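Below you'll find the structure, written out as structure tokens, and then a few comments.
Remember, it's a predicted structure, so these values are computed and weren't measured experimentally. In what follows, every chain begins at residue 1, and chains take the letters A, B, ... in the order their sequences are listed.
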Amino acid sequence: QQTIRVGWTIPAEESKYWMMRRPAEFPNIGKAYNIEWTQFQGTAPMTQALAAGALDCATQAPLSLANGVVGGNLKAYIVAQHVFEKAGGFSVYWAVMDDSPIKTIADLKGKTVGISVIGGGTQGPFNLLLKQNGIDPAKDIKLVEVGFAVSEDALRQGRVDAVNMNQPFAARAEAKGGTRKLFSLSQAMPNIVHILEACRADFVDKNPELVKAYVRDITSGMKKALANREETLKAVNEVLKAPIPVLETYLLKDNDFGRDPGAAPNFPAIQKMLDIYAETGMLPKLDVAQFKHSTIVAPLQ
Amino acid sequence: MRPVTPQKPASAIIEIESVSQVFQTSARKDHVALSDISLAIEEGAFVSILGPSGCGKSTLLYVVGGFVSPTSGSAKIRGRTITGPGPDRGPVFQEFALFPWKTVLGNVMYGPRQQGVRTTEAEAQSRALIEMVGLKGYENFYPKELSGGMKQRVALARTLAYHPEVLLMDEPFGALDAHTRTRLQNDLLNIWERDRKTVLFVTHSVDEAVFLSDKVVMMSKSPGRIREVIDIDLPRPRRRSELLLDPRYQKYVVDIERMFDETDPVGSPS
Amino acid sequence: MRPVTPQKPASAIIEIESVSQVFQTSARKDHVALSDISLAIEEGAFVSILGPSGCGKSTLLYVVGGFVSPTSGSAKIRGRTITGPGPDRGPVFQEFALFPWKTVLGNVMYGPRQQGVRTTEAEAQSRALIEMVGLKGYENFYPKELSGGMKQRVALARTLAYHPEVLLMDEPFGALDAHTRTRLQNDLLNIWERDRKTVLFVTHSVDEAVFLSDKVVMMSKSPGRIREVIDIDLPRPRRRSELLLDPRYQKYVVDIERMFDETDPVGSPS
Amino acid sequence: MMPQLRSTSIILGLAPIVLVIALWQGLVSFGFAPAVLLPPPGYVFGRLFQQLVTWTFQQEIAATLIRLFAGFAIAVVLGVSIGIAAAASPAINAVVRPIVRVLAPLPKVALYPALLLLLGFGHGSKITLVAADALFPILLSTYYGASTVEQKLIWSAMAAGTPRYQILFKVVLPAAMPSILTGCRIGLVISCIVVFLAEMITSSDGLGHVLVTAARTFQAVDMFVPLITISLLGLILNGLLGAVRAYLLRGFPEA
Amino acid sequence: MISPSALARRAAPVLACIGLLAIWQAASLALKNDSFPTAIEAIRAIPDILGDRESLINILASLRRMAVGFGIAVSVSIPLGLLMGRSRAVAAFFNPLLMVIYPVPKAALMPIIMLWLGVGDITKTLVIFLGVSLPVIYHSFEGAKAVEEKMLWSGAAMGLSPAQRLVRIVLPAALPEILTGCRTGLVLALITMITSEMIARQSGAGNILFNALDMGQYDTVFAMIIIVGAMGICLDAFFERVRARLVRWSEPQFDLPLSFS
Ligand SMILES: Nc1ncnc2c1ncn2[C@@H]1O[C@H](COP(=O)(O)OP(=O)(O)OP(=O)(O)O)[C@@H](O)[C@H]1O
Ligand SMILES: Nc1ncnc2c1ncn2[C@@H]1O[C@H](COP(=O)(O)OP(=O)(O)OP(=O)(O)O)[C@@H](O)[C@H]1O
Ligand SMILES: [Mg+2]
Ligand SMILES: [Mg+2]
């Protein structure tokens, strides 16, 4: 019986949460193969762990994965996708206080702006938008790192003039009121892919059947998550420890991220993101094809 | 044993009234170090305490110094109960207790500086005292660099430097050779005669006690009590060479030594 | 000053050959504690060292003990150069150096246990020694609960307990009252006569030195040298009461005391 | 004699560091670690010397040092004074002891988000975090050092007329100095770690920030430059502390 | 029968804790800051954590790692520290090395540590080990340096070999100082037990805490902080008891006569 070492994070990998929390629903887990779960703080450490060979598969953001490839000699396949920004759904946005004089992106000039991770996945589209509005992100604003969890507080306390918002914090902040959306990432590009599942190429090549089984389970996990919202809420609650009433306000609703029913990666969208990163100078030009495995990719039945 | 009635002359500067001191040992047993001690010391008197090792001499000095408060009874200075140490009573500890982070000069200057004497003056006085105890040239040595007897002399100088009214000296010459000892005995007597200090002086040498004192307190063990108080009726100023030939002096020494032999110095803890 | 030629009889157990000891003080100056000391000690001899405070007596014992290595010269035991301490030479330190985490009994038993003596036997021996030094009943006291003199006696017992061939005693009776001191002198003499140990004995009491020794080494300061070596030609076994009346004894004492007075004990550091 | 002793001890001290660097080189050369995770030491030191002369890198170092020193200084002042006060006064001890017991083992990083909001993203929050983490080792050492001060030293000073509160400065403080300095040494190392950690979590400057930005983009060499820098800073600061110690404790037998 | 002063002494810790909570409550009410919940909110979240079987398993996993890390650290650091204290050469050898290694934040070395040791227990135990060993080494070091020379000489004269002297004289003589180091080590063990789970998490108390932190569930964060504080009190009280037994011989005989009461 083989084991696959998987890294995960919070908050939006419902398929994996199902696999962790409801293993009985998956005929193979714990029988045909085992999963050793390790949770990480953010995707960047997981990239390092993949590069160091300490993990076999992990949740990744396009940028962190690309960074691993460029700087860390990482070879990996994108085998599934967790969430993306669907049209009309949630898009990571920058919020300001209701009474703030900042009305447009151009008003951000000279202000203090919070971003969850400097140099992180959201910064490419963010920089693009600023540039389009005549702001040099390096000189014209003061950028500070404010994790999503404290962004609402930082904004309300006046520590920042604008800050990025993500679920579930956005839902919570909106429920309280007093803030408004300034702009969202979807303005830079539609259907941004936020997190996906990547596996080390050497591991996949050595254990194709094992990874196949894993991807199959991710696919079916995604199905179950979408099919049974009630149970998904419970599983997410167990993992995130966020109260169900809060989750209820957004999870798998219209104001949430999008999920592909088969967890299929949207390679063109990812390519577009890589292009934006290249355009903003965060990465050299990359071709998404190198992340594509011919057979092992969701959806797998 | 004869009961000792406390003598309380009008001019007593220190009165010890039925003081007992009980220590708790680690074995959680009570150990009586002093048992019902009463003693009055006149102003300006030179009183020696003699007694077998472990009979409570040091403890008695601690009580008068105000460092420990007795389990029962009380000690008074000029009629006020002693509740703590004060610059009126200067101790010279058996273990020296020099400040390791200060040089010889720093140790000796500590008291005068503390009393508000100006630095230059304090230094001059201290240097004179250091010379008196024979440590000229060692001013900048740290205590760890001194021999046992040298440390003892620094401790003596440190206490003399701030001119306490009452000196509480615990075997201050114990680690000194005969010659140095004699010199310092004379120096001490000179200071005492000049300033009329009150001195409470613990010693193991009967000679020394008789030579220096107005009064010798003999303690006995099991547990620490006063056995006898002997007035030494010898003329002052005393000179060792004369005194050695004085039959009264010799009689005192012989008497006290005999008394010692009668006591059993080897008691067991109560 | 007369130069002292090293005497080296065939049976010398300890030979000190032009030993000098220089300390570096914190003030970064060299301080000469011993200067060109040569001395031979015969097997089974009782040798006392007399000298002014700070003349280097303790330092000399440390060299023989092997605790410090001399800056120049060497010390030998039975012809072998001393490179470190060993159970053949037992020190009694001026500062006692008891193990504070052990009780009186624990301290005394430490040596015998280390030598592989069985616990019950070591305990019996140790209890006997503790009784000998007059501390019966204090077996379970910790050092911090003892008086100065009591600590000193524990230190003595601790060293006697493991039967070193050579005893290096640094004022071992300095903190004791006259009575206890006399008793322990006698005990020490008995042990010495029974086991024919070699004893190197630092003291400040001329009396004591003459009473106990075969040979008295007089040191002088500025810097620490041997001034005189005096053979004490008195019959053994010696009994204090007899000796006190012996004119030869008195002459030794008076001679040595006079010599002392001739030296200036108060030197300045070189 | 002394200079010779010092040079042998310097050689002895350098030896293991050279060994570590050799081991590092070996790990890289023999492929135990890919160069993207562990760059060869030659590269790292080369980059370090390049960087050291640049104004921007010096500013990063300055930012880190300001936080480090400020936090450490606050920790020393608070730790020593509270520790001595607790040792000297049973009343204060009764209050301080349980508070220390509760607060000391708390993971202070968990409070960092709250600190950020309270004190902002600048120096304040990081200095506070450093001080909070370095405080307790110093406080505990001071407390134990001060409560075992030889009784008779205090008695001697009191008898010389030293007022009670002055005893704390004139006797307890110097007598507890060996223990206090040991606490400071530990506090200093912790300060180095924590200032770095704080900068790694949220910051826009400082060595920790340099490190995370390099780490995210897998610039292994640039990641090791701040690491080596903090390491060297630790060594230098500790050397300084050692000199201070040798001076302050020159009278003590162990110095 | 308890005298009033003894009663006051007993009550002092409780009062101090209540006082601390009261200050917290007041501060959080005054600051009105979501990431700084009130004491009452935090206390209310405790039963949820302690009532949850999974959380308990998590906490126990952390404690186990802590115990292992602490145990190894103490058993390695004390001999090393003592050796450094008694031998100039050993001190000269290790001192700079330690001072180069310790200031490096372990979190920054995670990629390499993961490379060799993975992300599991070993890595976290190593982090705890490093945290604990720092104070223990240095307190043992200084404690051993301060051992009175003549005690060692006495031992040597009784025929103790250098190794025996280290164990039978330096160790007990330096024990009070070593235990001070251990107590600081205990504090650091609890802290590193939590922080070692910050970046990579599998199970543990830090897992709960940092998850809550990432999710902005500040009442849980602070409830965990209270729980860790409570563990600190218990471990510390236990430790003090052990300490009192081991070094009774070194306790000062009188309280510092300095009370300002
Ligand atoms: N902290 C303590 N705990 C228990 N017993 C103690 C303590 N301190 C002193 N003692 C005991 O009190 C008695 C008196 O001690 P003290 O030091 O006063 O004697 P001393 O007369 O000065 O003896 P010495 O001449 O040897 O110095 C001794 O038997 C000693 O064992
Ligand atoms: N570590 C040291 N550094 C500098 N000088 C020292 C050191 N140790 C001892 N000395 C000096 O060496 C000399 C001899 O000291 P030692 O202890 O041998 O004297 P002693 O003859 O035993 O005196 P005492 O009778 O007072 O004990 C003294 O002048 C002392 O100042
Ligand atoms: Mg005494
Ligand atoms: Mg001496």
query: If you round to the nearest 0.5 Å, how far is CD of E95(C) from CD of E149(E)?
result: 11.5 Å

Can you find a heavy atom in the side chain of [X] that is under 4.5 Å from one in the side chain of [Y]?
X	Y	value
L171(E)	W101(C)	no
P172(E)	F99(C)	no
P100(C)	M151(E)	yes

message: Below 4.5 Å, heavy-atom pairs only: which of I169(E), L175(E), L246(E) has the largest tally toward chain C?
response: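 Option with the top pair count is I169(E).
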
message: Shorter than 4.5 Å, heavy atoms on both sides: which option in G155(E), S154(E), S250(E) has the most such pairs with chain C?
response: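 Highest number of heavy-atom pairs under 4.5 Å: S154(E).
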
Parallel, tilted or perpendicular: rings of F67(C) and W153(E) (30°, 60°):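 Plane angle under 30°, so parallel.
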
query: Short question: side chain of Q115(C), backbone of M158(E) - any donor-acceptor pair under 3.5 Å?
result: yes

query: Do we get R168(E) above Y110(C)'s six-membered ring, with its NZ or CZ under 6.0 Å from the centre and within 45° of the axis?
result: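 Because its charged atom sits under 6.0 Å from the ring centre and within 45° of the axis, R168(E) does stack over Y110(C).
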
Show the nearest heavy-atom pair for residues [X] and [Y], with the distance to one decimal.
X	Y	answer
K150(E)	F93(C)	O-CE1, 3.5 Å
W249(E)	K144(C)	O-CD, 3.6 Å
A157(E)	R89(C)	CB-O, 3.6 Å
P85(C)	A156(E)	CG-CB, 3.4 Å

- prompt: Is the number of heavy atoms from other residues, nucleotides or ligands within 6.0 Å of CD1 (I57(E)) greater than 12?
  reply: yes

- prompt: Heavy-atom distance under 4.5 Å to chain E: side chain of Y62(C), backbone, both or neither?
  reply: side chain

field: chain E contact via L168(C) - side chain, backbone, both or neither, heavy atoms under 4.5 Å
entry: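 Neither; nothing under 4.5 Å.
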
- line: Most contact-rich option vs chain E, by heavy-atom pairs under 4.5 angstrom, among Q114(C), R158(C), K102(C), is Q114(C)

